[in-house]
Amino acid sequence: MNPGSVSSKAISLSRDYNLQDLFNSLDLDYEDTSLIRRELHADGKSRAFVNDTPVTLQTLKVLGEKLIDIHSQHATLQINTESFQLLVLDTVAQNQSFVI
């Protein structure tokens, strides 16, 4: 990003991923389509927002780890974790109502 610029992305969230609890734990409003925005000012300062709520970069990192799954030739982030594998199985089996 260049100084003095704004970057934003609207993300369509599926309720199948159970992100409502994450949003609640981060004190954010959950919306089916959420907007993530980062502003970088010419003086080097930056601000970040989720659904127009100011957030820290740490909050963006936590949220990004759940929203973005990066795969490269030698590494994946979540596919090898037991929690992600169970999430995939529960999503495919439509077991969300049974998950504690």
Side-chain angles (χ1 to χ4, degrees):
M1 281 178 55
N2 295 326
S5 63
V6 176
S7 177
S8 63
K9 177 69 178 168
I11 299 175
S12 178
L13 302 174
S14 169
R15 293 198 184 271
D16 293 339
Y17 292 111
N18 294 323
L19 292 175
Q20 297 92 338
D21 291 339
L22 175 63
F23 272 68
N24 287 337
S25 71
L26 296 173
D27 200 25
L28 297 171
D29 293 329
Y30 179 87
E31 297 180 21
D32 288 336
T33 301
S34 290
L35 181 66
I36 298 174
R37 183 176 80 241
R38 182 139 183 228
E39 301 173 353
L40 183 60
H41 300 279
D43 61 5
K45 294 182 181 178
S46 68
R47 298 186 326 165
F49 301 87
V50 174
N51 296 329
D52 292 326
T53 300
V55 296
T56 64
L57 292 181
Q58 179 61 31
T59 298
L60 278 185
K61 180 181 179 200
V62 169
L63 190 57
E65 288 172 351
K66 298 297 182 185
L67 294 175
I68 300 169
D69 195 15
I70 300 172
H71 298 271
S72 65
Q73 182 178 358
H74 299 290
T76 59
L77 293 179
Q78 288 191 344
I79 200 164
N80 291 324
T81 65
E82 181 180 352
S83 62
F84 182 77
Q85 292 169 1
L86 291 173
L87 174 66
V88 170
L89 287 173
D90 288 332
T91 300
V92 170
Q94 298 180 344
N95 285 338
Q96 283 73 30
S97 61
F98 302 114
V99 177
I100 297 174

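Side-chain atoms are counted along with the backbone in the values below, which use heavy atoms only and exclude waters and symmetry mates. Because the structure is predicted, anything quoted here is derived from the model rather than measured.
- Here the closest non-hydrogen pair linking A10 and L35 is N-CD1, 3.9 Å.
- Partners of R47 under the salt bridge (Lys or Arg N to Asp or Glu O under 4.0 Å) rule, at least two apart in sequence or in another chain, are E39.
- For T59, the side chain to side chain donor-acceptor pair (under 3.5 Å) partners are T56, not counting sequence neighbours.
- Distance check: H41 NE2 to S5 OG gives 10.0 Å after rounding to the nearest 0.5 Å.
- Applying the side chain to side chain contact (heavy atoms under 4.5 Å, CB included) test to K61 and every residue at least two apart in sequence or in another chain returns Q58, E65.
- Taken together through direct or relayed side-chain contacts under 4.5 Å among Ile, Leu, Val, Met, Phe, Trp and Tyr, F49 and I36 form parts of separate hydrophobic clusters.
- Atom CG of D29 sits in a sparse spot, with 12 or fewer heavy atoms from other residues, nucleotides or ligands closer than 6.0 Å.
- In this structure the side chain of L63 reaches within 4.5 angstrom of the side chain of F23, judged on heavy atoms.
- To the nearest 0.5 Å, atoms CD (Q20) and CG (L28) are separated by 13.0 Å.
- Distance CD1/I11 to OG1/T33: 10.0 Å, rounded to 0.5 Å.
- R38 and L60 make their closest contact through CD-CD1, 4.4 Å (heavy atoms, listed as atom of the first residue, atom of the second, distance).
- For the residue pair D52 and R37, the shortest heavy atom distance occurs at OD1-NH1, 2.9 Å.
- The main-chain N or O of T53 is never found under 3.5 Å from a side-chain atom of N51 such that the two would form a donor-acceptor pair.
- Residues V62 and L26 meet the side-chain proximity criterion, which asks for heavy atoms closer than 4.5 Å.
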